[in-house]
Amino acid sequence: MKLRFYLLEGNYRIINDSPVIQLYGLTEDGKRVCVEEEGFEPYFWVLDAEPKDVEGITASQTGREIRIVRTEKHRKMHFGKEHSAVKAFTRLPGDVAVLREEMKKMFNVLEADILFIRRYFIDKKITPLTLCEADGEPTAKAGKTLYFKSKKTWQVSDDAAKPKILAFDIETNHQEGRMPVPEEDPVIMIGFAGENFRKVITWKRFRTSLDYVEFVDSEAALINRFKKVIEEQKPDIISGYYSDGFDFPYLKARADKYKISLDIGIDGSAIKYGKGRTASAQITGITHLDVFRFITRVISRSLSTSSYDLNSIASEMLGETKKSVDFEKLPGIWESRSDELEAFCEYNLKDAELTLKLAQKILPGVTELVKIVGQPMFDVSRMSFSQLVEWYLMKRAQEFNELIPNKPGHGETSERQTRTYMGGFVYEPSPGLYKDITVLDFRSLYPSIISTHNISPDTINCDCCPEARKAPSEQCWFCQKKKGFIATVIEDLVKRRRRIKDMMAKSEDKMLKARQEALKTVANAMYGYMGFFAARWYCLPCVKSITSYGRHYIQTVINEAKQQGFSVLYADTDSVFLVLDKKTREQAREFMEKINMSLPGMMELEYEGFYPTGIFVSLKEKGQGAKKRYALINEEGTIKIRGFETVRRNTAPIAKETQEKILNIILKERNKEKALEYLMQTLEKLRKKKIPKDKVVIQTQLQKEISSYDAIAPHVAIAKKMREMGKPVPPGTAIRFVVVQGKDRVRDRARLPEEVKEGEYDTDYYTNNQVIPSVEKIFEVVGYNIKEIIRGKYQSRLDGFLKK
DNA sequence: ACCTACCGGGG
DNA sequence: GTGTACGGTAGGT
């Protein structure tokens, strides 16, 4: 019989000494299914070898003999050249790595580091989230999941599943003045939000009229209830905000304390945790989508906020904010079981709801990326740009009969990192205020160069076209007879995107928008990928050629514009800013069209926009190139600012507050004089020691034992002092200090807050190292050089003093 | 100039 | 699990 299902996640297990692929999915009527398929064999490639060379090779691992079970002889392409290659099969997926290590000294071993389940998706041309069909029989197995033994599985259409999302968020208690630590502070409540479901569970009772609050008797009961809710709700996607880094690891630590297993997998398995910075929490058969992970990796660049906390992200992406509560009071409220806990339940639910809305918002984009890249959502939503590109290329390589190159070894990557090359062309603006600015830019500049000039690691310096024209100012050329692998796939991406954009003109389908965004994401990352030190398809001469063509095209536009009587204000890589003066906007458009007539292939100049006013700052930093620093106002009054970043946690509150206030005055009130005045007042208050002590306290976390520090930073010096005073300072302690006056190093001038009196702080340090750095770039954008203004003020005071 | 430690997100 | 990976900044040396 045949079974249709939407594929969500994949896995494999070993049964009777051979691997069985497991495909978790949903039937068309929404039932959970696990399709099991035998017969997919692990294999790898040996380049420039014959079957007889490799057939007898064995290795042993813990006493077991590992061997190549059979071979096939093939002709394969490797960087555009044909080779003979042996496809070597093994019994178990893990055998591949053992044989690879054994053979890599004698042979060029390829494709021996690709996870078995990912290999399956690539080879079978099965895309997660799409509708698939399996031919086989249901197997008698207990439980809520339908098990189905498949003889063959294939994809039947591009239709994507409509997965059910359940968002959750945990709240914990904490000790005064620090973040919660799982060794000591319990989880006190867990909130859920689904499409028609909301709930907050907590384990201390209080009076409330909230209908979604449910009480249990202990933290252990809370964790068990958490598991039960997931079992009842049967989500396809479980979503959290930073749940890879906080909620799941925290829950695990607390569950371990009570010896509770977080076995919420479809097959009854526990959550699997990754380690280190890229820690992730994986649930078998259910997609764990950490909204934060995807947003910071893939969409952060298109957002204007520079901090990615839930409140900032929700306010920019949803126009909503978190409920605000006072966390300082939580320990007391929790201890006393006060009715004020109700506010925390509301806070908890709101966070879960915002997470749900964000998950729903990013879902179309994630779905499209999954369909392009061809790997499961759990993986794709955690991939960096280079990984997205690489998995897409690995999927497409088989169509070209190309072998997937190996990842570079350590020596190779570190050597690659030392190589630099010239980037885009920057035409520096003269600082000032300008009127009537027209911005033209190349539509997908680098992708269209790659396609138009056939730039690809397999077409470079080919033997068949030695007389081909070389890239501008480069010594290499690209084949003119055969289209390259990367040039072809990028052309597909760009053409598909343009087709979708045409369709979008006629319809407002949300999926179309997401699809073209996803295509753009992958296409735009291709250039960076070829220059990325850890890339399989790394190609330095390719990226050098791409940027050299880029500089050539933008310079051509600049020269032409000047000849036509436009004044060129600024240009950077792919865009040109023209000041109209006596020219009209129509003339600018005509100029653009004329340029387009002369451009080859996919190259195209576009009309980006018109801005009535703009402010430009030229910022040459220590001989480096000019940085992108400007602010533009469009006809709707929207301000576009480029080139400054906000302060971090370990800066003093006074610096944070001043920056926030000044950003507000400039962006909302558009009054730079007022902003400057505000800064001056703040600096004056600093000078007169009028800033309260708690606004100059800097807080830094001690990350390890004091003894294991080599360099003694200010907070380490303070930690030592605290220890001498008999206070315990374990790793993780938040060290608070104030910098006082003196000529010594900063660390010698750091004091415990309770040691210093009000006003006993170093004005110069807080002025020059805290407040000014946090605002100077903002002022540069509107044309004020804060350091000089202050020096000028000081100078004039000095002048006045001398005159007397 | 180079090296080392820290932050981010989370309560 | 046929593994797998940050990127930028401040302060010290």
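Atom set for the values below is all heavy atoms of this structure, side chains included, hydrogens, waters and symmetry mates excluded. All chains are named by letter (A, B, ...) in the order of the sequence lines, taking the proteins before the strands, and each is independently numbered beginning at 1.
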Query - side-chain contact (heavy atoms from CB on, under 4.5 Å) against Y12(A), all qualifying residues, sequence neighbours excluded - result: I14(A), P19(A), I21(A), P93(A), F116(A)

Query raised in the report: If you check the D309(A) side chain, which of dG11(B), dG9(B), dG12(C) turns out closest?
Result: dG9(B)

Query raised in the report: Of all the choices, dT2(C), dG12(C), dG11(B), which nucleotide is nearest to the side chain of D351(A) once you look at every atom?
Result: dG11(B)

Requested in this report: Verify whether one side chain among Y347(A) and K322(A) offers a donor that lies under 3.5 Å from an acceptor in the other.
Outcome: yes

Report task. Round to a whole Å and report the spacing from OH of Y529(A) to P of dA5(C). Result -> 16 Å

Query - Under the side-chain contact (heavy atoms from CB on, under 4.5 Å) test, residues paired with L115(A) that sit two or more places apart - result: R118(A)

**Report entry** Base dT4(C) paired with R118(A) side chain (donor-acceptor, <3.5 Å)
**Finding:** yes

**Report entry** Gap between atoms CD1 and P, on I21(A) and dT2(C) respectively (whole Å)
**Finding:** 10 Å

Query raised in the report: Taking only residues two or more places apart in sequence or in another chain, which ones pass salt bridge (charged side-chain N to carboxylate O under 4.0 Å, His left out) with E320(A)?
Result: K350(A), K357(A)

Query raised in the report: From the list dG9(B), dG12(C), dG11(B), which nucleotide is the closest neighbour of the side chain of Y242(A)?
Result: dG9(B)

**Report entry** Interatomic distance at C1', dG7(C) relative to dG11(B), whole Å
**Finding:** 26 Å

List, one per line, each side-chain donor-acceptor pair under 3.5 Å for residues 323-334 of chain A, sequence neighbours excluded.
residue : atom : partner : partner atom : Å
K323(A) : NZ   : E346(A) : OE1          : 3.3
D326(A) : OD1  : E328(A) : N            : 3.1

Please write out each protein N/O paired with an N/O of nucleotides 2-5 of chain B under 3.5 Å, distance rounded to 0.1 Å.
residue : atom : partner : partner atom : Å
dA5(B)  : OP1  : K704(A) : NZ           : 2.9

Requested in this report: Give the nucleotide from the list dG12(C), dG10(B), dT2(C) with an atom nearest to the side chain of D169(A).
Outcome: dG10(B)

Query - Length of the line joining D748(A):CG and dG12(C):P, which is rounded to integer Å - result: 8 Å

Query - d(CD, E335(A); C1', dG11(B)) in whole Å - result: 17 Å

Requested in this report: May I have the distance from M189(A) (atom CE) to dG10(B) (atom C1'), rounded to whole angstrom?
Outcome: 16 Å

Query - S312(A) and S307(A) side chains, donor-acceptor separation under 3.5 Å - result: yes

Query raised in the report: OP1 or OP2 of dG11(C) sitting under 4.0 Å from any side-chain N/O of N769(A)?
Result: yes

Requested in this report: Check whether any side-chain nitrogen or oxygen of K322(A) sits under 4.0 Å from OP1 or OP2 of dG11(B), and answer yes or no.
Outcome: yes

Requested in this report: Ignoring backbone atoms, test whether R293(A) places a side-chain nitrogen or oxygen under 4.0 Å from the OP1 or OP2 oxygen of dG10(B).
Outcome: no

Query raised in the report: W391(A) side chain: which of dG10(B), dT2(C), dT4(C) is closest?
Result: dT4(C)

Query - Backbone of A112(A) reached by a side-chain donor or acceptor of R100(A) within 3.5 Å - result: yes

Report task. Return the set of residues passing side-chain contact (heavy atoms from CB on, under 4.5 Å) with E183(A) (not counting sequence neighbours), or none when no residue passes. Result -> V181(A)

Requested in this report: For I712(A) and dG11(C), give me the distance from atom CD1 to atom P, rounded to whole Å.
Outcome: 16 Å

Query - side-chain contact (heavy atoms from CB on, under 4.5 Å) partners of A397(A), counting only residues at least two apart - result: E402(A), I404(A), F485(A), W537(A)

Report task. Name the closest nucleotide to the T172(A) side chain, picking from dG9(B), dG11(B), dG11(C). Result -> dG11(B)

Query - Nucleic acid contacts of residues 377-389 of chain A, taken as heavy-atom distances under 4.0 Å to DNA chain C - result: Q387(A)

Query raised in the report: Can you list the residues that meet the side-chain hydrogen bond (donor to acceptor under 3.5 Å, both in side chains) rule with R536(A), with sequence neighbours excluded?
Result: D113(A), E390(A)

Report task. Ignoring backbone atoms, establish whether K407(A) has a side-chain N or O less than 4.0 Å from OP1 or OP2 of dT4(C). Result -> yes

Query raised in the report: Do any side-chain nitrogens or oxygens of Y347(A) fall under 4.0 Å of OP1 or OP2 in dG10(B)?
Result: no

Report summary line: Of the listed dG11(B), dG10(B), dG11(C), the closest approach to the P714(A) side chain comes from dG11(C)

